[in-house]
Amino acid sequence: MDIYDKIIDLAKRRGFLWNSFELYGGAAGFFDYGPNGCSVKRNIENTWRDYYIRKEGYFEIEAPTVGIEDVYIASGHVGGFSDPLCECVECHSDFRADHLLEAAGFENAGAFSLKEIDEKIEKNNIVCSECGGKLGTAYDFNLMFKTKIGPGGGRQGYMRPETAQGMFIDFDRLLIHNRDKLPFGACQIGKSYRNEISPRQGVLRLREFTQAECEIFVDPEEKTHPEFSKYENVTLLLYPRDEQENEGNPIEMTVKEAVDSGIIAHEFLGYYVALTYDFLTEIGIDKSKLRFRQHLRDEMAHYAVDCWDAEILTERFGWVEAVGIADRTDYDLKAHSAQSKTELSVYVEFPEPVFEKRFTVRPDMAKLGPLFKGKAKQIGDLLKYMSESELLEYENKETATYDLKIENELYKVPSNLVSFGEETIKLSGKTIVPHVIEPSYGIDRITYCVLEHAFYEETLESSETSESSEISDTSEKSEKESEEDETRTVLRLKNKIAPFSVAVLPLIGKPELLKISKQIFESLVDSGLNVYYDDTGTIGKRYRRNDEIGIPYSVTIDFETIDENTVTIRDRDSMKQIRAGAQTLPEKIKEMIKTEYKIE
RNA sequence: GCAUUGAUGGUCUAGCGGCUAUGACUGUGGCCUUCCAAGCCACCUACCCGGGUUCAAAUCCCGGUCGAUGCACCA
């Protein structure tokens, strides 16, 4: 049983993760979060909000999960989020049709239509590489879930394959909300949907999953980050493109070093790579099992400048991509701008107005109008955009006119109606389409990894077998261990991530202890803590149960509580205890939660 | 989607044509119990779904669903 099986087993038993639709036999690619899983996931999401909304000051929005067709035409998902597949008639293997053609020597096979693919397969006699059978006609498999909006034929709708488009579409509203200034960010946490061909690896590849995405809109020429110094000395394990291509290894370096040496494209990306490191370690990802891998050039979207994935090491699946941090440039805004025929841009004021000398031609339109009637505008425009030398070329000194030819008609424009010269123009700003820096987090993957990294088993020698250390034969000893020693399973979750902060446990079920326990429970609940109360069975069993779902502290009420108004506080990880006054318990526990206090 | 393989209480598991489906752990109630899965008593909970073969199917056959693995796909 590997750690994945152990965690899925624990997750099922203790209400973290359940297969969806189990009652009806289940469906691949869907998971339910049970009560404890829901708490952990929510705590992770709220910590994310803490970083992006509270600290970074970005704006959270909530857009629909169903989108209209225009959105995904613009984003490229309607056309590009599908793959041409080809099925073997004999053995029913599926192949990427474009890959087959590329293997047969065609270049840019990805650009072929389905019809072209069929023709080329036919002509070149391409057969199934598995069994040599004949290939069926190519078809598009689009990874978006389709739906209809409204009754009857309805309007074509799609379940969103990423939350990002919501932020792009609201760009102009968000810009006004930020009072027309860059940079600013918008985020959203929510479900996304991809109709995966074959979901595997449990909760790591889902058809419905939760993303936390942030789109930060920046000035394309200003990719330094004002708060860069906050993270510049964070040391990261980076796996740059060059190292991957030359079979090298990840390298440790500070964010500053990575940006200065050009490994990370710019400060803005570096800042969010470091923030991601901070966030992931804060929620309990093991530092030593976290690295940042740069996308290879062919792996990156064609419009992206640079892209780094946070990868988390898991035992069964190896390095799992959990976060992507990309510079998407102005691709998305331009695409939506073109699709919606609306300008999506920002007017950026220069710190100082810029004065530019420019040669300008000023045709006297008030005179040219009556003279040339319908052609006047065309003539005027032609003159306006001429350089000095061009203008002089058309000058006819004899007749004192500029002789212009438009559609083979000659127009003689009197020179005295055209003035020109150098002018100084004041520019106080310019209109730009912002670039987008996108940190995108896969919350379900992160949640699984947090559980895996928190998972801890220890073997406790049962008290009767303490003499077993005298046995010299190791195999005999291990046999004895498995018989008599017990395994304690602990989720060493960070305090802020654990499903409950503290458990209240009367030592035994005597009425006088139960009464006072309830009072202590109430006082902790009233102070805002998430408290778990349990008075069944024996104390040891309850400790074990709570260890397994990661409750960091247990408050035990015993007979001294009645006499002296004190309780014990037990540490989940060390099992050590301290005594504390019941009066100030809520403050004490809150302080311990906040400081990740360990009783040694 | 293909191939291999599996599916029995919440979990692990025995049974592999034939009585009321085995056991352990968990859970619940009770007794006991002054700090780490203690003990005793009682109880709850299961043959993945649909067809077929048979007097009789958890067991054999076919199809489906879900899981694991490989190929393919995906990030």
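What you are looking at is a predicted structure, and each value in this text was computed from that prediction instead of being measured. Throughout, protein chains are lettered first and strands after them, A, B, ... in sequence-line order, and every chain is numbered starting at 1.
Within 4.0 Å (heavy atoms only), A:E560 reaches no atom of the nucleic acid at all. Among the atoms of the strands shown, none is found under 4.0 Å from any heavy atom of A:G324.
Summarising the base pairing, B:A7 is matched to B:U65 through a Watson-Crick or G-U wobble pair whose two defining distances lie under 3.5 Å. For B:C71, the paired base is B:G1 (Watson-Crick or G-U wobble, both distances below 3.5 Å). Under the Watson-Crick and G-U wobble criteria, each requiring two contacts below 3.5 Å, nucleotide B:U59 is left unpaired. The pairing partner recorded for B:C43 is B:G27, the criterion being a Watson-Crick or G-U wobble arrangement whose two distances lie under 3.5 angstrom. Remark: B:C16 base-pairs with no nucleotide; criterion is Watson-Crick or G-U wobble with both hydrogen-bond distances under 3.5 Å. Pair assignment for B:U22 gives none, since no Watson-Crick or G-U wobble pairing has each distance under 3.5 Å.
A cation-pi arrangement is absent between A:K146 and A:Y158 under the rule of less than 6.0 angstrom and at most 45 degrees off the ring axis. Relative to the ring axis of A:Y456, A:R492 places its NZ or CZ within 45° and under 6.0 Å from the centre.
Rounded to a whole Å, the CZ atom of A:F30 is 16 Å from the C1' atom of B:G67. Atom C1' of nucleotide B:G67 and atom CZ of A:R316 are separated by 10 Å, given to the nearest angstrom. Note: CD (A:E196) to C1' (B:A72) measures 14 Å, nearest angstrom. In this structure, NZ of A:K12 is placed 7 Å from P of B:U11, rounded to the nearest angstrom. Distance A:D535 CG to B:U28 C1': 13 Å, rounded to the nearest Å. Atom P of nucleotide B:C25 and atom CG of A:D9 are separated by 17 Å, given to the nearest angstrom. Protein atom CZ of A:R205 is 12 Å distant from nucleotide atom P of B:U69, rounded to whole Å. Atom pair A:L10:CG and B:G10:P shows a separation of 17 Å (rounding to whole Å applied).
Less than 4.0 Å separates RNA chain B from at least one heavy atom of each of the following residues of residues 13-21 of chain A: A:R13.
Tested against A:V323 for a side-chain contact (heavy atoms from CB on, under 4.5 Å), the candidates A:L280, A:L290, A:V273 yield a single pass: A:L280.
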Could you pull out the protein-nucleic contacts involving nucleotides 62-65 of chain B (nitrogen or oxygen on both sides, under 3.5 Å)?
residue	atom	partner	partner atom	Å
B:U65	O2'	A:G25	O	3.1

What's touching nucleotides 35-44 of chain B from the protein side, N or O pairs under 3.5 Å?
residue	atom	partner	partner atom	Å
B:C35	O2	A:Y543	OH	2.5
B:C35	O2	A:Q577	NE2	2.8
B:C35	N3	A:Y543	OH	3.4
B:C35	N3	A:T568	OG1	3.4
B:C35	N3	A:Q577	NE2	3.2
B:C35	N4	A:D558	OD2	2.9
B:C35	N4	A:T568	OG1	3.0
B:C36	O2'	A:R544	NH1	3.4
B:C36	O2'	A:R544	NH2	3.2
B:C36	O2	A:R544	NH1	2.8
B:C36	O2	A:R570	NH2	3.3
B:C36	N3	A:R570	NE	2.6
B:C36	N3	A:R570	NH2	3.4
B:C36	N4	A:R570	NE	3.1
B:C36	N4	A:M575	O	2.6
B:A37	OP2	A:E486	OE2	2.9
B:A37	N7	A:E486	OE1	3.3
B:A38	OP2	A:T538	OG1	2.8

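Atom CD1 of A:I549 and atom OG of A:S39 lie 8.5 Å apart (nearest 0.5 Å). With values rounded to the nearest 0.5 angstrom, A:L237 atom CG is found 9.0 Å from A:I251 atom CD1.
Of the possible polar contacts, none joining the A:E215 side chain to the A:V436 backbone as a donor-acceptor pair under 3.5 Å is found. A:R160 contributes a side-chain N or O that, together with a main-chain N or O of A:K191, makes up a donor-acceptor pair within less than 3.5 Å. Looking at A:E457, its side chain never comes within 3.5 Å of a backbone N or O of A:T489 through a donor-acceptor pair. Although no hydrogens or angles enter the test, the distance criterion places no donor-acceptor pair under 3.5 Å between the side chain of A:E452 and the main chain of A:C449.
Atom name C1', nucleotides B:G1 and B:C12: the rounded distance is 33 Å, in whole Å. Here the separation of B:C25 from B:C44, taken at their C1' atoms, is 15 Å to the nearest Å. Distance check on atom C1': B:U8 versus B:U45 gives 13 Å, rounded to whole Å. For the P atom pair drawn from B:A21 and B:C43, the interatomic distance equals 15 Å after rounding to whole Å. Going from the C1' atom of B:U59 to that of B:C47 covers 10 Å, rounded to whole Å. Comparing the C1' positions of B:U28 and B:C36 gives a spacing of 22 Å, expressed to the nearest Å. As rounded to the nearest Å, B:U26 and B:C16 have C1' atoms that lie 27 Å from one another. Between the P atoms of B:G17 and B:C41, the separation comes to 36 Å (whole Å).
If you find the closest nucleotide of RNA chain B to A:R293 and to A:P199, the one lying nearer the 5' end belongs to A:P199.
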>> Please determine whether salt bridge (Lys or Arg N to Asp or Glu O under 4.0 Å) holds for the pair A:R316 and A:D2, giving the CA-CA distance in whole Å, both sets of side-chain angles, and the decisive distance to 0.1 Å.
In response: CA-CA 8 Å; A:R316 183 182 284 190; A:D2 73 1; 2.8 Å; yes
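A side-chain donor-acceptor contact under 3.5 Å links A:D444 and A:Y33.
With sequence neighbours excluded, the residues satisfying ring-ring contact (aromatic ring centres under 6.0 Å, His included) with A:F521 are A:Y533. For A:D306, the salt bridge (charged side-chain N to carboxylate O under 4.0 Å, His left out) criterion is met by A:R241, not counting sequence neighbours. Qualifying side chain to side chain donor-acceptor pair (under 3.5 Å) partners for A:R542, counting only residues two or more places apart in sequence or in other chains: none.
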